[in-house]
Undergrad: 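Sharing a structure, written as structure tokens. Questions coming.
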Amino acid sequence: MIDLKQLRDEPDRYREGARKKGVDVDIDRILSLDERRRALMTEQETLRAEQNKLAKEAGPRMGRLSGERKGADAERQAAIDAELHELRARPAALKDSIQILEKEILAISPELDALLLSVPQPPDADVPVGKGAEDNVQIRTWHADGFDPAKPFKAQRGFPARTHMEIAKRLGLVDFERGVKMAGSRSYVLTGDGMRLHQAVLRYAFDFMVERNGFTPVSAPVVVREECMVGTGFFPAGRDQAYHIEESKRGSGHDLFLTGTGEVALMALHQDEIIDEDRLPLRYTTVSTCFRREAGAAGKDTAGLYRVHQFDKVEQVVICRPDEQESRRWHATMIGYVEALLQSLRLPYRLLQCCTGDLGVKNADMVDIECWMPGRGDEGPDGSPTGAYSETHSASRLYDFQCRRLNLRVRGESTGGKPAPAHSLNNTVLASPRILIPLLEVHQNEDGSVTIPEPLRPYMGGRDRVG
RNA sequence: GGAGAGGUGGCAGAGUGGUUGAAUGCGCCGGUCUCGAAAACCGGUAUUGCCUUCGGGUAAUCGAGGGUUCGAAUCCCUCCCUCUCCGCCA
């Protein structure tokens with residue numbers, strides 16, 4: 001959520017930000033609703049102040065008079081009644097006026113609140129302006145010696161690339177048919193070494209964050225209340241993407257939602273908290289199952305392990321002091337962790353600077369990491385795929401946007417002793433089975449086997465290959 | 001699923017209709033004392049909105065929402081959550 005005060009001060013910044021992101025939001029409507037609401041509140045407050053004053057002054061007198069009335073003669077009673085009547089008239093009139101104002105405020109608030117939630121965070125000035133993924137800008141690429149995505153797979157390896165589906169089928173790693181039988185399209189069953197590889201790579205990534213980078217390991221709910229989804233910024237915009245458990249329809253309890261990323265629980269952990277500055281930065285990592293409806297993606301990437309409804313992901317989250325430079329440093333650092341991880345797995349990748357149109361509502365900046373997948377892309381002249389970079393990671397810098405929604409604040413010297421929304425960042429560490437695509441395709445051998453990258457071998461019983 | 005108890009400040013915990021935004025204790029901050037520290041003593045210590053001549057003023061907030069009342073942490077209703085015991089169970 002953006003800061004309403006800032007919106008009032010510099011509405012053009014938010015108009016421009018929304019325009020760059022291609023988000024349609026009526027800033028003028030917000031400003032006029034806000035102005036109206038504030039005017040009503042000021043009026044209401046004045047009346048309340050008088051009401052409180054009367055309650056303090058006239059109230060006790062009324063109490064005494066009521067008591068005195070019981071033992072008084074008829075004439076005295078009449079006098080008391082008259083005074084009581086007078087004392088009551090003013091507060092009663094105030095109460096009516098206050099309630100009328102209250103109704104007017106209540107009529108405005110839902111629309112204003114909903115509009116406020118939909119105002120995107122303006123992109124940083126150094127983010128390239130663009131419409132969508134096609135306008136993203138490559139920052140750099142990396143590949144291990146001996147395998148360069150820029151050259152044809154066959155020329156380097158001596159045989160045409162097989163897709164991960166072919167490899168998986170040959171080695172019995174994935175059972176797509178039975179997955180679909182049980183749970184519909186975009187479902188799969190990992191079997192044998194497929195499941196072992198999945199677990200190995202997740203565990204390796206998790207240990208990598210905990211042991212090498214000092215992140216706090218966490219296991220947290222993947223089924224959460226709506227506030228967590230709104231607070232982390234996934235709702236209302238991404239409501240269609242989340243599975244919805246309608247417990248309230250059973251007559252008790254409240255609705256729940258399946259989280260699409262570990263980010264939700266890692267951030268919502270500290271919802272409504274004020275954190276002491278010297279406890280920062282908080283660095284959390286979790287491995288969690290992620291659920292995505294993939295609404296609107298019908299027909300896109302239907303085959304294989306690329307786009308599925310359920311997967312597991314190691315996620316990293318940093319909550320730091322509200323300082324732009326500190327946020328920027330963490331962003332770079334968190335991307336660095338992923339680069340080191342991918343390099344250790346010898347998976348070629350590239351960094352993409354996302355353009356403004358690709359940032360989503362929450363982010364001030366976002367960098368995607370795409371791994372080289374030899375089995376994707378168009379079919380080449382020899383009938384085998386040409387390969388393509390495809391997204392495996394996404395590193396977001398949100399500044400205080402998410403923490404303001406979550407009511408997650410910091411207090412300390414840097415905030416002048418007052419609570420202030422913290423800054424937050426998140427980045428994928430590794431998502432599987434998607435990562436199995438480059439892992440199988442890049443490390444496949446001519447005989448159909450797959451070489452297990454060295455760091456995963458301890459998690460695979462010491463073996464150096466599958467198949 | 002059955003029965004019961006309860007949700008109050010950073011924490012513990014009083015408070016059943018009227019200067020109670022809230023006693024007391026702990027914690028934290030400042031001060032006195034001390035060579036220094038501890039102890040003791042004194043003082044301070046919620047959040048948010050709005051207004052501001054930047055001194056402050058004002059309103060709201062005791063799980064959430066509604067109601068009664070001139071006035072609600074306190075009474076009534078609805079909902080949510082937590083805990084204990086029993087049952088079931090990975």
Side-chain angles (χ1 to χ4, degrees), chain A residues 1-9 30-69 80-110 112-113 116 219 221-228 230-231 245-257 268 270-280 289 400 403-413 415-422:
Chain A
M1 185 151 63
I2 53 99
D3 184 351
L4 181 53
K5 271 185 231 155
Q6 277 178 28
L7 182 85
R8 286 202 284 261
D9 290 345
I30 294 177
L31 291 173
S32 77
L33 285 174
D34 168 53
E35 204 183 322
R36 176 90 184 116
R37 179 158 75 172
R38 275 187 297 150
L40 290 168
M41 280 170 65
T42 306
E43 202 179 332
Q44 192 190 32
E45 244 178 53
T46 312
L47 297 179
R48 278 224 171 95
E50 194 183 342
Q51 189 184 40
N52 287 343
K53 203 171 133 220
L54 286 174
K56 272 181 193 166
E57 291 170 1
R61 167 137 187 89
M62 278 189 247
R64 279 195 301 278
L65 285 171
S66 301
E68 188 190 338
R69 191 184 179 280
I80 289 173
D81 285 345
E83 187 174 354
L84 280 175
H85 184 75
E86 200 170 314
L87 283 171
R88 279 197 188 111
R90 181 64 186 149
L94 282 174
K95 191 184 174 184
D96 287 348
S97 306
I98 289 169
Q99 282 190 336
I100 288 167
L101 289 168
E102 183 70 24
K103 283 209 176 77
E104 286 186 59
I105 292 168
L106 243 49
I108 289 177
S109 295
L112 180 54
D113 294 345
L116 267 178
S219 168
V222 295
V223 183
V224 301
R225 298 162 178 276
E226 184 162 5
E227 298 89 273
C228 299
V230 174
I245 301 173
E246 298 183 294
E247 278 297 293
S248 62
K249 283 202 171 167
R250 295 181 155 186
S252 71
H254 51 268
D255 284 7
L256 293 162
F257 295 85
H270 295 293
Q271 182 158 23
D272 293 320
E273 290 183 25
I274 300 171
I275 296 170
D276 208 276
E277 182 181 58
D278 28 88
R279 283 179 57 207
L280 300 180
T289 303
D400 63 4
C403 290
R404 176 170 287 112
R405 281 185 176 231
L406 283 166
N407 194 26
L408 194 174
R409 292 169 294 171
V410 195
R411 177 161 42 199
E413 256 176 66
T415 65
K418 303 290 282 179

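All heavy atoms count here, side chains included; hydrogens, waters and symmetry mates do not. Lettering of chains follows the sequences in order, A, B, ..., and the numbering in each one begins at 1.
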Undergrad: Starting at atom CZ of A:Arg36, determine the distance to atom P of B:rC50, rounded to an integer number of angstrom.
TA: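 Computing the A:Arg36:CZ to B:rC50:P distance gives 17 Å.
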
Undergrad: Out of curiosity, A:Leu31 CG to A:Leu4 CG, how far, rounded to the nearest 0.5 Å?
TA: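 Between atom CG of A:Leu31 and atom CG of A:Leu4 there are 8.0 Å.
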
Undergrad: Starting at CG of A:Leu106, measure out to NZ of A:Lys103 and round the result to the nearest 0.5 Å.
TA: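 Rounded to the nearest 0.5 Å, the CG-NZ separation comes to 9.5 Å.
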
Undergrad: P atom, B:rA72 versus B:rG67: distance in rounded Å?
TA: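 Rounded to whole Å, the distance is 12 Å.
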
Undergrad: Would you compute the distance between atom CZ of A:Arg48 and atom OG of A:Ser97 and round it to the nearest 0.5 angstrom?
TA: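 Between atom CZ of A:Arg48 and atom OG of A:Ser97 there are 12.0 Å.
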
Undergrad: Work out how far the P atom of B:rG66 is from that of B:rA60, and round it to whole angstrom.
TA: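 Rounded to whole Å, the distance is 15 Å.
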
Undergrad: How close or far is atom C1' of B:rC51 from atom CD of A:Gln44, stated in whole angstroms?
TA: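 Result: 15 Å.
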
Undergrad: For RNA chain B, please output the secondary structure as dot-bracket, reading 5' to 3'. Pairs are Watson-Crick or G-U wobble, both atom distances under 3.5 Å; mark crossing pairs with [ ], other-strand partners with |, unpaired with a dot.
TA: ((((((((.[[[..)..(.....]]]((((((.......))))))((((((....)))))).[[[[[..)....]]]]])))))))....

Undergrad: Which is more 5' along RNA chain B, the nucleotide nearest A:Leu106 or the one nearest A:Arg38? Just name the residue.
TA: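 It is A:Arg38, whose closest nucleotide lies nearer the 5' terminus.
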
Undergrad: Round to the nearest Å and state the distance from A:Met41 atom CE to B:rC51 atom P.
TA: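 These atoms are roughly 9 Å apart.
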
Undergrad: Would you give the length of the straight line joining atom CG of A:Leu7 to atom CD1 of A:Ile2, rounded to the nearest 0.5 angstrom?
TA: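 Nearest 0.5 Å value for the CG-CD1 distance: 4.5 Å.
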
Undergrad: To the nearest Å, how far apart are A:Asp3 CG and B:rC50 P?
TA: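 To the nearest whole Å, that distance equals 9 Å.
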
Undergrad: Partners of A:Thr42 by side chain to side chain donor-acceptor pair (under 3.5 Å), sequence neighbours excluded?
TA: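 Testing A:Thr42 for side chain to side chain donor-acceptor pair (under 3.5 Å), a comparison that skips the adjacent residues, returns none.
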
Undergrad: Could you pull out all residues at least two apart from A:Arg37 that satisfy side chain to side chain contact (heavy atoms under 4.5 Å, CB included)?
TA: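 Expected list: A:Met41, A:Ile105, A:Ile108, A:Ser109, A:Leu112, A:Asp113.
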
Undergrad: Give, for atom SG of A:Cys403 and atom CD of A:Glu273, the distance between the pair rounded to the nearest 0.5 Å.
TA: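 Between A:Cys403 SG and A:Glu273 CD, I get 11.0 Å after rounding to 0.5 Å.
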
Undergrad: Sequence neighbours excluded, which residues qualify as side chain to side chain contact (heavy atoms under 4.5 Å, CB included) partners of A:Val224?
TA: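 Residues passing side chain to side chain contact (heavy atoms under 4.5 Å, CB included) with A:Val224: A:Pro221, A:Cys228, A:Met229, A:Thr259, A:Val264.
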
Undergrad: B:rG10 P sits how many Å from A:Asp272 CG, rounded?
TA: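 To the nearest whole Å, that distance equals 12 Å.
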
Undergrad: When the P atoms of B:rU20 and B:rU24 are compared, how many Å lie between them, rounded to an integer?
TA: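 These two P atoms come out 12 Å apart once rounded.
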
Undergrad: When the P atoms of B:rA37 and B:rC28 are considered, how many whole Å apart are they?
TA: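 The answer is 16 Å between these two P atoms.
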
Undergrad: Report, one line per pair, each donor and acceptor closer than 3.5 Å where one atom sits in a side chain of residues 404-412 of chain A; sequence neighbours left out.
TA:
residue: A:Arg404; atom: NH1; partner: A:Asp400; partner atom: OD1; Å: 3.4
residue: A:Arg404; atom: NH1; partner: A:Asp400; partner atom: OD2; Å: 3.4
residue: A:Arg404; atom: NH2; partner: A:Asp400; partner atom: OD2; Å: 3.2
residue: A:Arg405; atom: NH1; partner: A:Val230; partner atom: O; Å: 2.9
residue: A:Arg405; atom: NH1; partner: A:Phe235; partner atom: O; Å: 3.0
residue: A:Arg405; atom: NH2; partner: A:Leu117; partner atom: O; Å: 2.4
residue: A:Asn407; atom: OD1; partner: A:Arg409; partner atom: NE; Å: 3.2
residue: A:Asn407; atom: ND2; partner: A:Asp272; partner atom: OD1; Å: 3.1

Undergrad: How is A:Arg279 classified with respect to the nucleic acid when contacts are heavy atoms under 4.0 Å: base, sugar-phosphate, or nothing?
TA: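 Touches nothing.
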
Undergrad: Since syn is defined as within 90° of 0, does B:rG55 count as syn or as anti?
TA: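 Base orientation: syn.
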
Undergrad: Take A:Asp255 and A:Glu226 through the test side chain to side chain contact (heavy atoms under 4.5 Å, CB included) and record every step on the way to the result.
TA: CA-CA 7 Å; A:Asp255 284 7; A:Glu226 184 162 5; 5.7 Å; no

Undergrad: Can you tell me how far P in B:rG43 sits from the matching atom in B:rU47, rounded to whole Å?
TA: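 About 22 Å, rounded to a whole number of Å.
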
Undergrad: Flag the pair A:Arg36 / A:Glu104 as yes when at least one side-chain heavy-atom distance between them is below 4.5 Å, and no otherwise.
TA: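 In short, these two side chains touch, coming nearer than 4.5 Å.
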
Undergrad: How far does the P atom of B:rG7 sit from the matching atom of B:rC62, given to the nearest Å?
TA: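 Approximately 14 Å lies between the P atom of B:rG7 and that of B:rC62.
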
Undergrad: Under the side chain to side chain donor-acceptor pair (under 3.5 Å) rule, collect the residues that match up with A:Arg225, sequence neighbours excluded.
TA: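 Expected list: none.
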
Undergrad: Can you list everything that forms a side chain to side chain contact (heavy atoms under 4.5 Å, CB included) with A:Arg38? Sequence neighbours excluded, please.
TA: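 A:Arg38 satisfies side chain to side chain contact (heavy atoms under 4.5 Å, CB included) with A:Arg8, A:Asp34, A:Glu35 once adjacent residues are dropped.
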
Undergrad: Between B:rU68 and B:rU58, how far apart are the P atoms? Round to whole Å, please.
TA: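 Approximately 28 Å lies between the P atom of B:rU58 and that of B:rU68.
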
Undergrad: To the nearest angstrom, how far is A:Glu102 atom CD from B:rG65 atom P?
TA: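 Interatomic distance, CD of A:Glu102 to P of B:rG65: 11 Å.
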
Undergrad: Can you list the residues that meet the side chain to side chain donor-acceptor pair (under 3.5 Å) rule with A:Glu227, with sequence neighbours excluded?
TA: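 Listed in chain order: nothing, the list is empty.
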
Undergrad: Rounding to an integer number of angstrom, what distance separates B:rA14 and B:rC51 when you compare their C1' atoms?
TA: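 It comes out at 36 Å once rounded to the nearest Å.
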
Undergrad: Side chain to side chain contact (heavy atoms under 4.5 Å, CB included) with A:Ile245: which residues, sequence neighbours excluded?
TA: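 Side chain to side chain contact (heavy atoms under 4.5 Å, CB included) list for A:Ile245, sorted by chain: A:Val223, A:Glu247, A:Leu256, A:Leu258.
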
Undergrad: For nucleotides 76-82 of chain B, give me every protein contact, N/O to N/O, under 3.5 Å, one pair per line with atom names.
TA:
residue: B:rC80; atom: OP1; partner: A:Gly253; partner atom: N; Å: 2.9
residue: B:rC80; atom: O3'; partner: A:His254; partner atom: ND1; Å: 3.1
residue: B:rC81; atom: OP1; partner: A:His254; partner atom: ND1; Å: 2.7

Undergrad: Walk along nucleotides 57-62 of chain B from 5' to 3' and tag each nucleotide B, S or - by protein heavy-atom contact under 4.0 Å, base first, then sugar-phosphate.
TA: -BSS--

Undergrad: Are there any protein N/O atoms within less than 3.5 Å of an N/O atom in nucleotides 45-48 of chain B, and if so, which ones and at what distance?
TA:
residue: B:rU47; atom: OP1; partner: A:Arg411; partner atom: NH1; Å: 2.8
residue: B:rU47; atom: O3'; partner: A:Arg409; partner atom: NH1; Å: 2.8
residue: B:rU48; atom: OP1; partner: A:Arg409; partner atom: NH1; Å: 2.9

